[in-house]
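Take a look at the structure set out below.
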There are 2 protein chains.
Amino acid sequence: MPDLEHLSLPDTVHRLLRTRILNNELPSGTRLIEASIAEELGVSRATVRAALARLAGEGLVEISPRRHSIVTRLSHEDIQDACYARYVLEEGAVRAVLAHGAAELVDPLTELVARMEHAARDRDLAVMVDLDTAFHGSLVAAARKPRLARLFAGMDAQMGAVMRSSLEEQHLDLAEMPRMHRDLVDALAGGDPALVASTLYRHYLREDYVL
Amino acid sequence: MPDLEHLSLPDTVHRLLRTRILNNELPSGTRLIEASIAEELGVSRATVRAALARLAGEGLVEISPRRHSIVTRLSHEDIQDACYARYVLEEGAVRAVLAHGAAELVDPLTELVARMEHAARDRDLAVMVDLDTAFHGSLVAAARKPRLARLFAGMDAQMGAVMRSSLEEQHLDLAEMPRMHRDLVDALAGGDPALVASTLYRHYLREDYVL
DNA sequence: TCCATTACAGTTGTCGACAATCGACAATCG
DNA sequence: CGATTGTCGATTGTCGACAACTGTAATGGA
């Protein structure tokens with residue numbers, strides 16, 4: 001399996017496994033056997049191993065030493081925990097953004113919200129997840145804090161899993177997504193850090209802001 | 001080289017390289033050649049490779065694909081950036097702690113501050129770094145947010161490098177450490193989130209709290 | 001002299017094989 | 001019949017070797 005692009009082999013395997021996990025082709029708890037994956041994809045175990053290590057770093061798989069890796073099972077507490085961490089990172093980014101003014105963010109984010117409305121009408125989950133990632137990603141990128149952005153991006157995959165499970169258990173409706181994000185844009189345009197923070201908190205934790 | 005404990009070989013190599021980097025035995029910019037390290041330590045390149053990947057995840061090493069890895073060079077901007085990310089994470093943890101009351105934290109943290117005073121008298125940097133790690137680590141652990149704590153701990157190594165470089169360039173004096181941490185404990189005991197946040201901000205960024 | 005080309009040394013990328021370890025089941029003993 | 005121990009298959013941990021790639025120095029031509 002030679003290089004098609006300049007993507008490394010572990011990158012490719014990592015991406016493939018990630019999409020399979022997020023599409024629920026590899027449900028929570030599935031055992032991931034290095035040798036089997038390697039054989040199926042026609043690569044070496046070392047390559048698969050590197051990919052699994054990265055997935056573990058993203059929190060999508062758990063590696064039990066000397067046993068085997070499994071696709072992470074997200075309990076309700078895990079989901080709350082992941083959302084809180086995500087909220088903390090994004091709120092820290094947003095504070096930095098507001099310090100310099102968020103005016104130039106409003107237009108591109110509004111554009112993304114419009115595309116979310118289309119995705120909601122089309123019931124297209126995959127596109128919606130991508131738009132959500134793009135929305136929050138560009139918001140955090142505007143803070144110009146590379147390490148914060150990196151930590152935030154490291155949770156993208158896990159948040160994808162959270163979204164999928166929230167939709168499955170009907171805690172969330174695709175139609176709510178554009179509205180929630182529009183609220184965020186409005187708060188951002190207002191420029192009040194406290195209001196943005198509480199809006200973000202509800203966005204992620206879906207409870208009133210009590211902290 | 002058989003196991004003495006249940007530490008894996010990559011763990012051991014990772015720890016060894018990390019302490020060497022933090023002790024400046026491997027200064028910023030040093031080339032890290034997998035084969036050389038493997039030969040010196042009597043392990044395989046695959047093992048070294050895994051250790052380097054983890055160091056890269058911690059931000060202590062940069063891996064240039066197809067070239068070689070080097071010990072990360074931290075510019076002034078990098079240090080500011082790392083401190084801001086660390087601040088954001090810890091502040092998020094502290095807010096969760098304060099929501100449940102921080103009373104039971106005051107005593108153990110005060111104890112750590114006392115030990116910092118001894119370390120300052122002894123001019124013992126290594127102990128001071130460990131105490132600092134323990135202080136902030138136990139503070140964050142009290143929030144009971146596993147993912148937040150994991151992200152925070154992932155920056156421990158980088159913060160060790162920051163502290164070393166701050167001391168070398170005399171932006172920081174060991175004697176200030178106990179005082180700064182005592183201020184934090186006091187703010188924590190007071191229970192006012194805004195005061196704790198601004199104290200934390202000065203702790204990490206050493207500027208007035210403007211955000 | 002300068003630039004393009006080529007050959008070379010150094011280093012990582014990838015692989016298949018062997019050793020070590022773990023869990024499960026079977027066999028044995030009380 | 002239950003508990004303990006031994007054995008076996010499955011899986012990961014580790015390794016050394018080869019292939020591919022990168023940057024550099026030597027070479028040749030204008």
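Treat the numbers as computed from the prediction; the structure is a model and nothing was measured. Keep in mind that the numbers below use all heavy atoms, side chains included, and drop hydrogens, waters and symmetry copies. A note on names: the letters A, B, ... follow the listed sequences, proteins ahead of strands, and every chain is numbered from 1.
- Ion pair B/R121/B/E117 not flagged as a salt bridge, since none of the NZ, NE, NH1 or NH2 atoms sits closer than 4.0 Å to an Asp/Glu carboxylate oxygen.
- As rounded to whole Å, 15 Å separates atom P of D/dT12 from atom CD of A/E62.
- Side-chain contact of B/H136 with B/H203: a donor-acceptor pair under 3.5 Å is present, judged by distance alone.
- Contact annotation for A/L32: backbone-only contact, meaning every heavy-atom pair under 4.0 Å involves sugar-phosphate atoms and none involves a base.
- Electrostatic pairing of A/R164 and A/E168 counts as a salt bridge here, judged by a charged N lying under 4.0 Å from a carboxylate O.
- The listed nucleotides are D/dT11, D/dC15, C/dG13; the one nearest the side chain of A/I33 is D/dT11.
- Along DNA chain C, the nucleotide nearest A/P10 and the nucleotide nearest A/R67 are compared for position; the residue whose nucleotide lies closer to the 5' end is A/P10.
- Residues B/E34 and A/A46 both approach DNA chain C. Their nearest nucleotides, taken by heavy-atom distance, put B/E34 toward the 5′ side.
- Of all nucleotides present, only D/dA3 satisfies the Watson-Crick or G-U wobble test against C/dT28, with each distance under 3.5 Å.
- Nucleotide C/dA7: paired with D/dT24 (Watson-Crick or G-U wobble, both distances less than 3.5 Å).
- In this structure, the CD1 atom of A/I63 is 13 Å from the C1' atom of D/dT11, given to the nearest Å.
- Residue B/L52 contributes atom CG, which lies 14 Å from atom C1' of C/dG13 at whole-angstrom precision.
- Applying the salt bridge (Lys or Arg N to Asp or Glu O under 4.0 Å) definition to pairs two or more places apart or across chains, none involves residues 129-145 of chain B.
- The distance from atom CD of A/E39 to atom P of D/dA10 is 13 Å, rounded to the nearest whole Å.
- Between the side chains of A/S75 and A/D78, at least one donor N or O lies within less than 3.5 Å of an accepting N or O.
- Distance from the side chain of A/H68 is smallest to D/dT11 among D/dT11, C/dC15, C/dT11.
- An OP1 or OP2 oxygen of C/dG16 is reached within less than 4.0 angstrom by no side-chain nitrogen or oxygen of A/R45.
- Regarding contacts with the backbone of D/dA10, every side-chain N or O of A/R66 stays at 4.0 angstrom or more from both OP1 and OP2.
- Across all strands shown, the partner of C/dG13 is D/dC18, judged by Watson-Crick or G-U wobble contacts whose two distances both fall under 3.5 Å.
- Between the CZ atom of B/R49 and the P atom of C/dC15 there is a distance of 12 Å, given to the nearest Å.
- A sub-4.0 Å separation between OP1 or OP2 of D/dG13 and a side-chain N or O of B/T47 is absent.
- Atom CZ in B/R31 sits roughly 12 Å away from atom C1' in C/dT12 (whole-Å rounding).
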